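Structure, as structure tokens:
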Amino acid sequence: MDTLVQAALAAREYAHAPFSGFKVGAALEDEDGRIHTGCNIENVTYGLTLCAERVAVFKAMSEGARHFRRIAIAADSSALTPPCGACRQILWEFCGDIEVILVNLEGKTESLHLKELFPRPFDASYL
Ligand code: THU
């Protein structure tokens, strides 16, 4: 199995999801091949919950990574779980049109590009 997919599945184990019970893992590969992982971290106010993808992006940014190749997103759903709208915006801003690999616990995968999920993004080019 792809190392990045394995990393996303492993990161999912650390999810803190006592409210939804829905655990998500993400693994983001930078241009040097380093893997930055994230999991969802829920909060009692619900609105302060962080998705796995944003945790991975912000962890990577905070460690100096700036260019990214791929992200794998792991969840336990038969229909593969795509990133939410907020995460699509963040992924677009910091990662551009990267490859997005969705995976579930049965090992089913699908590869897309972010532009397919987020076809007409708002970004700094409009400012
Ligand atoms: N969640 C993620 O972490 N990533 C996604 O792509 C979809 C949703 C989380 C947020 C929340 O903790 C739980 O899944 C249910 O929405």
Side-chain angles (χ1 to χ4, degrees):
M1 191 187 282
D2 186 329
T3 313
L4 196 69
V5 166
Q6 279 178 348
L9 287 164
R12 180 184 165 276
E13 296 294 321
Y14 295 121
H16 177 71
F19 305 107
S20 72
F22 191 70
K23 296 179 169 194
V24 185
L28 179 62
E29 182 182 80
D30 70 24
E31 64 179 348
D32 299 321
R34 280 192 300 166
I35 293 177
H36 308 268
T37 59
C39 60
N40 54 328
I41 302 171
E42 297 186 347
N43 180 272
V44 68
T45 64
Y46 291 38
L48 294 178
T49 290
L50 292 174
C51 290
E53 298 89 326
R54 275 177 286 162
V55 171
V57 170
F58 295 145
K59 276 178 64 188
M61 293 293 292
S62 74
E63 290 171 1
R66 289 293 182 272
H67 301 284
F68 303 99
R69 291 182 192 146
R70 305 186 294 158
I71 186 168
I73 302 164
D76 183 13
S77 59
S78 50
L80 296 171
T81 300
C84 77
C87 288
R88 292 179 200 201
Q89 178 70 34
I90 292 297
L91 286 167
W92 178 258
E93 285 198 52
F94 293 108
C95 308
D97 191 23
I98 57 167
E99 184 184 359
V100 179
I101 302 163
L102 311 178
V103 60
N104 70 10
L105 300 195
E106 280 78 54
K108 178 180 168 190
T109 62
E110 182 180 356
S111 169
L112 304 135
H113 272 81
L114 188 62
K115 217 47 191 300
E116 295 173 70
L117 293 167
F118 202 48
R120 196 171 168 182
F122 172 70
D123 59 28
S125 68
Y126 291 95
L127 301 180

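All figures in this text were calculated on a predicted structure; none of them were measured in a lab. Counting convention: from 1, in listed order, for ligands and their atoms alike.
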Does any part of the side chain of [Y], heavy atoms only, come nearer than 4.5 Å to the side chain of [X], both counted from C-beta?
| X | Y | answer |
| --- | --- | --- |
| Asp76 | Arg12 | yes |
| Phe22 | Thr81 | yes |
| Ser62 | His36 | no |

Could an N or O of ligand 1 be found under 3.5 Å from any N or O of [X], whether backbone or side chain?
| X | result |
| --- | --- |
| Glu42 | yes |
| Thr49 | no |
| Cys51 | no |
| Ala52 | yes |

**Item:** Ala15 to ligand 1, any heavy atom closer than 4.0 Å
**Value:**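 Distance cut 4.0 Å: Ala15 fails for ligand 1.
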**Asked** Is it true that Ala17 lies under 4.0 Å from ligand 1, counting heavy atoms only?
**Response**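 No, that is not the case, since the closest heavy atom of the residue is not under 4.0 Å from the ligand.
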**Request:** Taking atom 3 (O) of ligand 1 as the reference point, report whether a protein heavy atom occurs under 4.0 Å from it.
**Result:**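 Given the 4.0 Å cut-off, atom 3 (O) of ligand 1 counts as touching protein heavy atoms.
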When you measure from [atom] to every protein heavy atom, which one gives the shortest distance, and what is it?
| atom | value |
| --- | --- |
| atom 16 (O) of ligand 1 | Phe22 CD2, 4.8 Å |
| atom 9 (C) of ligand 1 | Asn40 ND2, 3.6 Å |
| atom 7 (C) of ligand 1 | Thr81 CG2, 4.1 Å |

Interfacing atoms of ligand 1 (cut-off 4.0 Å, heavy-atom, [X]):
| X | answer |
| --- | --- |
| Ser20 | 13 (C), 15 (C) |
| Pro83 | 6 (O) |
| Glu53 | 2 (C), 3 (O), 4 (N), 5 (C), 6 (O) |

**Prompt:** With a cut-off of 6.0 Å (strictly less than), are more than 12 heavy atoms of other residues, nucleotides or ligands near OH of Tyr14?
**Reply:**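 Atom OH in Tyr14 is not packed in, count stays at 12 or less.
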**Asked** For the side-chain contact (heavy atoms from CB on, under 4.5 Å) test, which of Glu99, Glu31, Met61 pairs with Phe68?
**Response**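 Result: among Glu99, Glu31, Met61, Met61 is the only option passing the side-chain contact (heavy atoms from CB on, under 4.5 Å) with Phe68.
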**Message:** Give me the atom names and distance for the closest heavy-atom approach of Asn43 to Thr49.
**Reply:**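 The answer is N-OG1, 3.3 Å.
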**Asked** Which heavy atom of Pro82 sits nearest a heavy atom of Leu102, and at what distance?
**Response**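 Reported closest heavy-atom pair: CA-CD2, 4.0 Å.
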**Request:** Please identify each residue that fulfils side-chain hydrogen bond (donor to acceptor under 3.5 Å, both in side chains) with Gln6, with sequence neighbours left out.
**Result:**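 If we apply the side-chain hydrogen bond (donor to acceptor under 3.5 Å, both in side chains) test to Gln6, skipping adjacent residues, there are no hits.
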**Message:** Students often mix this up, so state it plainly: with edges at 30° and 60°, are the rings of Phe94 and Phe58 parallel, tilted or perpendicular?
**Reply:**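 Phe94 vs Phe58 ring planes: perpendicular.
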**Asked** Of the backbone atoms (N, CA, C, O) and the side-chain heavy atoms from C-beta on, which set of Cys87 has a member under 4.0 Å from an atom of ligand 1: side chain, backbone, both, or neither?
**Response**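 Neither part.
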